[in-house]
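The structure under discussion appears below in the form of structure tokens.
Naming convention: chains lettered A, B, ... in sequence-line order (proteins, then strands); numbering from 1 in each chain. As the structure is a prediction and not an experimental result, all values here were calculated from the model. Computed from heavy atoms alone, side chains included, the values below leave out hydrogens, waters and symmetry copies.
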Amino acid sequence: MATFNLSEALRYMGYKTSEEATEEQKQKLNEVYEELAKVAHCRYHAVRLAIVLNTGDYVAFENGFVLNSKDLATKLEACDEAILFCATLGSEIDRELMQAAARGVEKQVMVQAVAASMLESYCDELETELLTKEDIDAGLCLLPRFSPGYGDLSIQVQPEFLRQVDAARRVGVTLTDGLVMTPTKSVSAVIGVAYKPGANPLEHHDCSCCSLHNCAFRKDK
Amino acid sequence: MSAFLDLLEKKILIADGAMGTLLQASGLKPGELPEVWNITHPDVLIDIHTRYYDSGSDFVSTNTFGVNRYKLAELPAEFTLDQVLASAINNANAAREKFTAKGQQKLVALDVGPLGKLLKPLGDVSFDDAYNAFAEVISKAVQIGGFDVVLIETMSDTMELKAAVLAAKENCSLPVIASVAFDEKGQLLTGANLRAVVALLEGLRVDAIGMNCGLGPVHMKPLALELAAIASIPTLVMPNAGLPRVESGKTVFDINAAEFAAHVEEMIRAGIRMAGGCCGTTPEHIREVSAIASSIAPIPTTDKGLTFVSSYTHAVELKLDDSVIVGERINPTGKKRFKQALRDNDIDYILKEGLAQFDNGAHILDVNVGLPEIDEKAMLPNVVSQLQTVLNLPLQIDTSDPVAMERAMRCYNGKPMVNSVNGKQESMHSVFPLIKKYGGVVVGLTLDEKGIPEAAEGRIAIAKRIIETAAEYGIKAKDIVIDVLCMTISSDKNAANVTLDALEYISKELKVNTILGVSNVSFGLPMRERVNASFYTMALERGLSSAIINPNAVGMRSAYTSYRALRGLDENCADYIAFHTSAQAQEQAVASTSKATQQAADASAISTVQQSELAQAIKRGMCKQAGEIAAELIKSMDSLDIINEQLVPALDEVGSGFERGKVFLPQLLMSADAAKAAFDSIKAYLINNGEKREARGKVVIATVKGDIHDIGKNIVKVLLENYGFEVIDLGKDVPSEAVVEAVKMHDVKLVGLSALMTTTVGAMEETIKQLREAKLPVKVMVGGAVLTQEYADKIGADFYSKDAMGAVRYACSVSLG
């Protein structure tokens, strides 16, 4: 079950702070969330793999899967393991987006913003299920999500990446010819499992590894 | 009869268990294509099949789950799809021969899995492409031979399922089993529930229906019991071996063979006719199931007599003792605005008609787009697909053109209602084969070559003839809904009585469902809705199963909800109360706006107040008010003046606020939607008065091939329309060729292209290249998240817009004459 973050949704709609939005606007977004929460069909599948080689240029996993990316290799420097996962809010949300488009573009923009926020929240929530109590007691923690398309990790790895997590069968996530994930409200990512005793087991996402420098939502500019 | 169906009559059939699980145990790596092993490790495959036969499987499935052009796109170059398919079938037969040599009857199922791609509108694969991909595999397999049944399995989308079943039935004469994967909520990945799946598959006349994968036996059991209770054809279950979990790097399942078999036994005792296993199951599981099943006498499968119409999410049941609403508004008869929308290919307008009825509680929507000057054969399937994109109500395909009917039925996602067949031989012979092939509940009109009988007896006789003729085509009475037709009481005082008498006979004596276009009864009378509502109640009382009415009419829904509450069909009067609450809210909204309009009219004889009110309504984003004020204004003002003096200045003010960061996107869009409502009012007035408004210029817009993000494009569209441009919206995932063609066809001078992903900007570049090569005098503006001015320059765009207002400003600046 995905929650939703109102200020995050407002940010996706172009508000810099929540104060800029009217109460009416906030109310509408809450109503949209109620509608979406009823139909969202959240699913994820994760595969935890040992890292057998990290050359600084690429990372190789125990089953032979290799990801070529200096940025990812750097992020996973201290990790013996990583989790590959794919999560989705389901195709019902895409149906809601299409219905909203027919009702008027303002509605579609709200549905889009709320759904995007729900997806982020869902990924944050499911991360709490990825580590066992034993893992946490042993001082293991999860690094921020790193997705195909971030930094120098090419989005071209998506077909193989999704096969690795059996995404089509397990959670129904597939790719278009243009490598857009369908359902569109889906995430695929690598999460490093690092040994950091005493650290918060779930770090927050940061924008530092992303090359989209003109992004309106960038947090570190 | 086929070997498969023959054996199925005699005993509970045992299928095999998991393939992937055993291949992995033999060394298959995650991500590796299991189908390649058919060629590289035939010994392993023959061994697996043999172990399943040996443990009691009556049939095993070929290792061809992923054999299709999409999943095998990355097949190593030394192998072809044909080779993979042939070796898979050979391996299964090599195992089978060991048993047939001993005189045992063993069968082989051709396994057909999903394509691994989502179909439109959720993904980018068209229904026809999906059909072709399945047809390719199945027709090649038929050439190879060596299997007894086609097993379509692990399907999670009804549209893809329909493509697979049609491909199997049109390219192969063997029996077809279709099996789907439900999740713990009892839904497919794209939302269909069990009843929707049963309706679709029984409609398509598959030989057996099943469920596999997705769930272990514990969670599958309640669904399997429901399946056994509602399915009228043999059933199959193939659960996983429980829930998977990872133990020291290996996936293990939590249900052992004995437990597994105990759960499956309950399903068999409830009427399930075939059982096997999916992920995690082994020959051990099958051995246990086989041992138990051999001692159970199969329960004969009976017709449950349920009448289902379905969409891609749910089924609507038609019953003799309750009634459903079929919305009648998607129909051009007597509606100038609707006719114009059809001529203009204005699908948005038709979708809004659909959404209004959806919001007002219709259960099924009638879809009629027949107009002499439009190509109904193309329009009907298009409107059906578009409606199914935005709402999940089952549809009633309403046409007298058999070609349009077939095309719409083929692309329809679910089991449609079909309007209509009648007692004429010609009608029955053209419509019944379509119902037989695609599935559907067909409306039978009680008229024939001699017209509509005056007396009830005559109409009943035709109804009987329709039902009997349908039976000759293999169509059961449960899939027929009789319309005894209704004439106006203004020309025949007995018209309603005759209709009601015939209706009651069909419902009570023939026990066949009925339908009626209720409003015909009042033709020629004043205050028609009052007569209609009373007649509706009378017809409900006589057993009407479904009514074609206007669900937006409060009186009709009032009659419907009151009747059901009074007849004890509405638990706690919940539907009645919900209707009452929503109707009250609507009435209040109407009262307050008419009051505001009245006040405005009082304040000034001329419309200056309304003028400034229109600007205010647009600036505040008040859709309903903007529409109503514009509807008043247009009666006394020229349309161009309203647009140029009221609409555009108001939008400009909001737009420049947006550009300065003072107004936020939602406010801009609310204003845009309000301006659109005002436009719609103006347009409706002009159409009704036979006038035409000249557009400012035409713009083609599209989200490029491979990309399915359309919000940015939709925002640009609504703003351009507000500024008076005619926008030809080609939608999303649009091939370059389609853009070029549209520019040529509509003689357009400006194109807007949108792309969100780095991977799809290439398609944008290609589109621009093709436009240039075609030497079309067209400007191209581009936008989208990953685009920059630099990139736009590189791919040869004329203009890069960072936001929607930029696109509007550019469109206004270039000459489009």
Side-chain angles (χ1 to χ4, degrees), chain A residues 10 13-16 20-22 25 28 39 41 43 47-50 62-65 90-92 94-95 97-110 112-113 149 155-156 158-160 163-166 168-169 171-172 174-180 182-184 212 214-216, chain B residues 29-31 73-74 114 116-118 121-125 154 156-157 181 183 185 187 189-191 213 246 249 348 351-352 354-355 389-392 621 623 664-667 669-670 672-673 676 704-711 714-715 717-718 733 756-760 762-763 785-786 788:
Chain A
L10 286 166
M13 294 171 68
Y15 294 96
K16 284 169 219 77
E20 290 172 338
T22 61
Q25 183 65 62
K28 278 198 209 167
V39 299
H41 217 130
R43 301 177 178 92
V47 180
R48 186 162 164 175
L49 296 168
E62 57 178 318
N63 62 359
F65 182 49
S91 61
E92 292 83 354
D94 284 352
R95 294 276 182 192
L97 272 164
M98 291 186 277
Q99 184 179 100
R103 291 186 187 276
V105 69
E106 186 223 351
K107 181 78 188 274
Q108 192 188 12
V109 166
M110 288 195 292
Q112 155 67 27
I155 198 150
Q156 302 293 339
Q158 276 282 60
E160 184 54 35
R163 258 201 297 282
Q164 289 290 328
V165 293
D166 202 8
R169 187 150 159 153
V171 293
T174 60
L175 294 168
T176 68
D177 291 347
L179 301 183
V180 178
T182 50
T184 58
L212 191 63
N214 65 347
C215 172
Chain B
K29 298 252 174 342
E74 285 170 48
K117 298 274 281 180
L118 267 177
L122 295 167
D124 62 343
V125 174
T154 323
S156 53
D157 174 45
D183 65 11
K185 289 185 186 172
Q187 290 176 343
L189 286 168
T190 53
C213 208
V246 178
D348 289 353
L351 297 184
K352 286 218 164 76
L355 283 170
T389 299
V390 305
L391 50 82
N392 67 356
C623 268
F664 297 96
L665 182 65
Q667 293 163 293
L669 297 179
M670 282 163 68
D673 282 339
K676 189 168 190 320
V704 299
K705 175 90 186 132
D707 209 324
I708 52 169
H709 297 90
D710 64 354
I711 290 197
N714 290 347
I715 294 172
K717 175 187 178 182
V718 68
D733 189 24
L756 194 87
M757 307 267 297
T758 47
T759 46
T760 54
V786 296
T788 58

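- No donor-acceptor pair under 3.5 Å is formed between the side chain of A:Ser91 and the backbone N or O of A:Pro183.
- Of the two parts of B:Lys676, neither the backbone nor the side chain holds a non-hydrogen atom closer than 4.5 Å to a non-hydrogen atom of chain A.
- Of the atoms belonging to A:Arg103, heavy atoms from both backbone and side chain fall under 4.5 Å from chain B.
- Distance check: B:Lys29 NZ to A:Asn63 CG gives 8.5 Å after rounding to the nearest 0.5 Å.
- Top candidate by heavy-atom pairs under 4.5 Å with chain B, chosen from A:Lys28, A:Arg169, A:Met110, is A:Arg169.
- If you measure heavy-atom distances from A:Ile155 to chain B, the contacts under 4.5 Å come from the side chain alone.
- In terms of heavy-atom pairs under 4.5 angstrom with chain B, the leader among A:His41, A:Gln164, A:Arg163 is A:His41.
- Among B:Val704, B:Ile708, B:Asn392, B:Asp348, the residue making the largest number of heavy-atom pairs under 4.5 Å with chain A is B:Ile708.
- In this structure, chain A has heavy atoms under 4.5 Å from both the backbone and the side chain of B:Pro121.
- Across B:Gly621, B:Pro666, B:Gly706, B:Gly116, the residue that shares the most heavy-atom pairs under 4.5 angstrom with chain A is B:Pro666.
- Note on A:Leu97, A:Leu179, A:Thr174: by heavy-atom pairs under 4.5 Å with chain B, the leading option is A:Thr174.
- A distance of 6.0 Å separates CG of A:Asp94 from CG of B:Leu122, quoted to the nearest 0.5 Å.
- Under the 4.5 Å side-chain criterion, counting only non-hydrogen atoms from C-beta, A:Met13 is not in contact with B:Phe664.
- Counting heavy-atom pairs closer than 4.5 Å to chain A, the top-ranked of the candidates B:Leu351, B:Asn714, B:Asp673 is B:Asp673.
- Under the 3.5 Å distance criterion, the side-chain polar atoms of A:Lys107 are left unmatched by any main-chain donor or acceptor of A:Ala101.
- For a residue to count as touching a neighbouring chain, one of its non-hydrogen atoms must lie under 4.5 Å from one of that chain's; by this rule A:Val165 does not touch chain B.
- Checked by atom type, the side-chain pair A:Gln112/A:Gln108 shows no donor-acceptor distance below 3.5 Å.
- Of the possible polar contacts, none joining the A:Glu20 side chain to the A:Tyr15 backbone as a donor-acceptor pair under 3.5 Å is found.
- Only the side chain of A:Thr184 comes within contact range of chain B, with at least one heavy atom under 4.5 Å from a heavy atom of that chain.
- The structure places CG of A:Leu10 at 11.5 Å from CG of B:Leu665, a figure rounded to the nearest 0.5 Å.
- Of the residues considered (B:Thr760, B:Ile711, B:Leu355), B:Ile711 shows the highest number of contacts with chain A, using heavy-atom pairs under 4.5 Å.
- Between chain B and the residues A:Asp166, A:Thr176, A:Val39, the most heavy-atom pairs under 4.5 angstrom are made by A:Thr176.
- Taking NZ from B:Lys117 and CG from A:Leu175, the interatomic distance works out to 7.0 Å, rounded to the nearest 0.5 Å.
- If you measure heavy-atom distances from B:Cys623 to chain A, you find no contacts under 4.5 Å at all.
- For chain A, the nearby part of B:Asp183 is the side chain; its heavy atoms alone come within less than 4.5 Å.
- Across B:Val125, B:Ile715, B:Asp157, the residue that shares the most heavy-atom pairs under 4.5 angstrom with chain A is B:Ile715.
- No part of A:Leu49 comes within reach of chain B, as not one of its non-hydrogen atoms sits under 4.5 angstrom from that chain.
- Contacts of A:Gln156 with chain B are made by side-chain atoms alone, with heavy-atom separations under 4.5 Å and no backbone atom involved.
- Rounding to the nearest 0.5 Å gives a distance of 8.0 Å between CG of B:Asp733 and CG of B:Asp707.
- Looking only at distances, a side-chain donor or acceptor of A:Thr22 sits under 3.5 Å from a matching main-chain atom of A:Gln25.
- Among A:Lys16, A:Gln99, A:Met98, A:Arg95, the residue with the largest count of heavy-atom pairs under 4.5 Å with chain B is A:Arg95.
- One finds the CD atom of A:Glu92 at 8.0 Å from the OG1 atom of B:Thr190 (value rounded to the nearest 0.5 Å).
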